[in-house]
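Written out below as structure tokens is the structure these notes cover.
Just so we're on the same page: letters track the sequence lines, and every chain starts at 1. None of these values were measured; they are calculated from a predicted model.
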Number of protein chains: 2
Amino acid sequence: MAVTIRDVARVSGVHVSTVSRAFSAPHLVNPETRVRVLAVADDLGYRPNRAARALTTGRTHNLGLIVADIANPFFPPLIKAAQAQARLRDYHVFVADTDEDPKVEEELIQTLTKQVDGVLLCSPRLTNRTIERLRQEVPFVLVNRRVKGMATVLMDVGRGARLAVEHLTGLGHRRLALVTGPSGSWTSKEMQEAAAAMSEVDVAFLGPNPPTEQGGRAAAAEVIASGATGVLAYNDLVAIGLIEGLAERGVHVPGDISVIGVDDIVAGRLGRPKLTTIAMPTATAGRIAVDMLLQSVDSEVATGVTMLETALIIRESTGEAHS
Amino acid sequence: MAVTIRDVARVSGVHVSTVSRAFSAPHLVNPETRVRVLAVADDLGYRPNRAARALTTGRTHNLGLIVADIANPFFPPLIKAAQAQARLRDYHVFVADTDEDPKVEEELIQTLTKQVDGVLLCSPRLTNRTIERLRQEVPFVLVNRRVKGMATVLMDVGRGARLAVEHLTGLGHRRLALVTGPSGSWTSKEMQEAAAAMSEVDVAFLGPNPPTEQGGRAAAAEVIASGATGVLAYNDLVAIGLIEGLAERGVHVPGDISVIGVDDIVAGRLGRPKLTTIAMPTATAGRIAVDMLLQSVDSEVATGVTMLETALIIRESTGEAHS
DNA sequence: GATCTTGCAGCAACCGGTTGCAAAAAGTAT
DNA sequence: ATACTTTTTGCAACCGGTTGCTGCAAGATC
């Protein structure tokens, strides 16, 4: 049915091994033979079967990309960049969504390991222990999660949080709140630690919350109760939900409370008010993560930490504190 | 290194074929033997190698999902749903992005066909001819594109466009414009035809345009020049860009011009003004498309057209015509 | 008791490539 | 012309499963 290496061999009058080598070890075959074989292959429309190749080489030329929620606008640019970068290197990528569920995440990794050469774990919710166990089975690169000894791409959200807090205090805010994310989130913890380390300000930690608009809206009452006038939200979706929730309760942003988000998603730029936010270099992260992964697939060593810069983008959701 | 079917066979004292059958044809093996084998397999941490299985069965248990632009908010919900549905059926999905380029799209399909049992083509930009040629190599399901005889999931954007036009004329608008999308887009053509069929109104067709915010912003001047007071944009991103572009030129929405988008992306709900739009059931489309695809993989027949309903959601970007 | 089913397990070929080894061919040195 | 390299090609085993066929034993039928 499909044309195989044997068809090509027969038509071009050489042994299958020669055809194989014409593709995967060109220097081992006479240039003339090679062009002839390739011509025949092209003629017949031959395309190597990757599954068969994987069987002997142990390389599938596939990668796995696991994210918590594809529909969360933080991820698509990362997915897009990762997938494009992989394609440059002749790799395909499986994309899987865990629905923020660590159980699903682990299962997914398990079933994927046999089919991929490496896995990109983005913002995983698994415990460090589980990650360390799973790493035995397949090379990993983590994005936005730090586990010692593992290859990692981080975005400096700690610095972002500090900039955000400074921005708020600079506007005169004295009581701050941090609307945190899911409990397994490294980003969330990082933000907390950064904020907590700034001893001169008083910041309340409210959470954990689901990293969604609903999560933000639901946190509105708590924020009001905390008495904070400056808020840093886990991400833009939460910030947007929070602003809506506050509005429903008659609290105005930035008039009464200033809100800062994280991620710089498109919706934030268009919202009312336009969101002040910490921009995350997600596309860059995706690209670099793929490169690190492929490198560690080849070299067997999977280490190194890359830290990417974040930036505070000041728009309209933050303003001077009153009184 | 990894544990194979032979390891399991050796330890449990049976032949490899028995182990194989214990997994893939349970009724052909004695229940007692089966539980013993499965126990050993579990013990050893055996996981079948899908590539090896694919080699003999011809089924990879993988699907390909090709979209024009992962970062376009229209797609992520579809990708998420498709991926989840596939997982239910024990399939994994490759996600690939064509960057709106038909060449890339074709290449992608070519390299993917050998590794997947079927391909989901979302809003393809290829010609019908090319699609019909490629279909020989792998089963397809098309989303938002009609090619005769092929399995398809459509969203009734034609009806959506009619509702939109009626909404605009109902508000008193007499001169309308349609800001069309990319030239290969079925959706765009569908909208055009629906609008053109409504003979009682005067509608100008402006395009093609890239389906992005930039595309919309760039179309602003043309829209103004057309004299239209009611505009239907190819999608929400275009609509948002258009509104920005109009604002830059001192034209107010909905005060001076009414604008309707398509897709109902999150950003539209948050924008200023909130976007009147035609909602597309993308998640449902993803789910159904996967089911159709798997069905056609099994049955060898890949036909049937599913048409999903759209809905006009009226928000703040449309209003009464003046004068 | 002989014959016929039926259920279960083993054998071995096969899927489509890759690769170590050996043979053949071509090129070089003596 | 002979011996020695080096290049090029063929052979065959192998990767990890699947599956048609055969063989065996136990139960059913007469």
Side-chain angles (χ1 to χ4, degrees), chain A residues 1-38 40-41 44-62 90 92 111-117 137-138, chain B residues 1-38 40-41 44-62 90 92 111-117 137-138:
Chain A
M1 168 138 209
V3 28
T4 78
I5 207 175
R6 287 163 222 268
D7 299 323
V8 178
R10 188 159 24 73
V11 173
S12 46
V14 297
H15 195 262
V16 292
S17 54
T18 304
V19 178
S20 172
R21 280 187 279 253
F23 283 96
S24 44
H27 60 285
L28 287 181
V29 45
N30 185 314
E32 289 172 30
T33 330
R34 194 167 64 81
V35 300
R36 190 158 43 89
V37 168
L38 294 184
V40 171
L44 268 47
Y46 166 75
R47 298 189 161 267
N49 180 326
R50 287 175 169 232
R53 178 176 293 173
L55 205 50
T56 47
T57 60
R59 285 282 134 82
T60 59
H61 264 238
N62 292 152
D90 196 27
H92 291 315
T111 66
L112 230 38
T113 69
K114 275 291 198 324
Q115 315 194 63
V116 300
D117 296 339
E137 317 203 4
V138 65
Chain B
M1 171 139 204
V3 26
T4 79
I5 207 175
R6 287 161 222 270
D7 299 322
V8 177
R10 188 159 22 72
V11 174
S12 45
V14 298
H15 194 264
V16 292
S17 54
T18 303
V19 178
S20 172
R21 280 189 276 254
F23 283 96
S24 45
H27 59 285
L28 287 181
V29 45
N30 185 313
E32 289 174 29
T33 328
R34 194 167 65 80
V35 302
R36 190 155 46 87
V37 168
L38 293 184
V40 171
L44 268 47
Y46 167 75
R47 294 184 164 272
N49 181 327
R50 288 178 168 226
R53 179 176 293 175
L55 206 49
T56 46
T57 60
R59 286 282 135 83
T60 60
H61 264 238
N62 293 152
D90 196 28
H92 291 314
T111 67
L112 231 39
T113 74
K114 276 292 201 322
Q115 319 193 58
V116 300
D117 297 339
E137 317 204 2
V138 64

Rounded distance (Å) that lies between atom P of D:dT9 and atom CD1 of A:I5: 14 Å
Heavy atoms only, 4.0 Å cut-off, all strands: where does A:S20 land among base, sugar-phosphate and nothing? base
Between atom CZ in B:R36 and atom P in C:dC8, what is the gap in whole Å? 14 Å
For A:D7 and C:dG17, what is the distance between atoms CG and C1' respectively, to the nearest whole Å? 13 Å
Using a 4.0 Å heavy-atom cut-off, does B:R50 contact any base of the nucleic acid, only the sugar-phosphate backbone, or nothing at all? nothing
B:N30 side-chain proximity, nearest of C:dC15, C:dG17, C:dC8: C:dC8
Hey, which of these two, B:L55 or B:P31, hits DNA chain C nearer its 5' end, going by closest nucleotide? B:P31
In whole angstroms, the gap separating P of C:dC15 from CD of B:Q115 amounts to 20 Å
For B:V19, answer base if it contacts any base atom (sugar-phosphate contacts may also be present), sugar-phosphate if it contacts only those atoms, and nothing otherwise; contact means non-hydrogen atoms under 4.0 Å. nothing
Is B:R53 side chain donor-acceptor paired with the D:dG16 base, going by distance under 3.5 Å alone? no
Do B:V37 and B:V8 pass the side-chain contact (heavy atoms from CB on, under 4.5 Å) test, and can you show the C-alpha distance, the side-chain angles, and the key distance before you say yes or no? CA-CA 7 Å; B:V37 168; B:V8 177; 4.1 Å; yes
May I ask you to verify if any side-chain N or O of A:S24 is less than 4.0 angstrom from the OP1 or OP2 atom of C:dT18? yes
Among C:dC11, D:dC14, C:dC21, the one nearest any side-chain atom of A:R21 is C:dC21
Looking for any heavy atom pair under 4.0 Å, which part of the strands does A:T18 touch: base, sugar-phosphate only, or nothing? sugar-phosphate
Atom-pair distance (NE2 on A:H61; P on C:dT18), nearest Å: 11 Å
Give a yes or no answer on whether the side chain of A:H92 reaches the backbone of A:H61 with a donor-acceptor pair at less than 3.5 Å. no
For A:R53 versus A:P48, what's the shortest heavy-atom pair and its separation? NH2-CB, 3.5 Å
Nearest whole Å is fine: how far is C:dG16 C1' from B:R59 CZ? 18 Å
Of A:T56 and A:V16, the one whose closest DNA chain D nucleotide lies more 5': A:V16
Check whether any side-chain nitrogen or oxygen of A:H15 sits under 4.0 Å from OP1 or OP2 of D:dC11, and answer yes or no. yes
For atom CG of B:N49 and atom C1' of C:dG17, their distance in whole Å: 14 Å
Options D:dC15, C:dT19, D:dG17, nucleotide nearest the side-chain atoms of A:S17: C:dT19
Closest heavy-atom contact between A:R36 and A:S12? NH1-O, 2.7 Å
Taking all heavy atoms of B:K114 and all of B:T60, pick out the closest pair and write down the distance. O-CG2, 4.2 Å
Rounded to whole Å, CZ of B:F23 lies from P of D:dT19 at a distance of 15 Å
Looking only at heavy atoms, the pair that brings A:L55 and B:A52 closest together is CD1-CB, 3.6 Å
Would you classify A:Y46 as touching base, sugar-phosphate or nothing, given that sugar-phosphate means primed atoms plus P, OP1 and OP2, and contacts are heavy atoms under 4.0 Å? sugar-phosphate
Picking from D:dT9, C:dC15, C:dG17, which would you name as closest to the side chain of A:T33? D:dT9
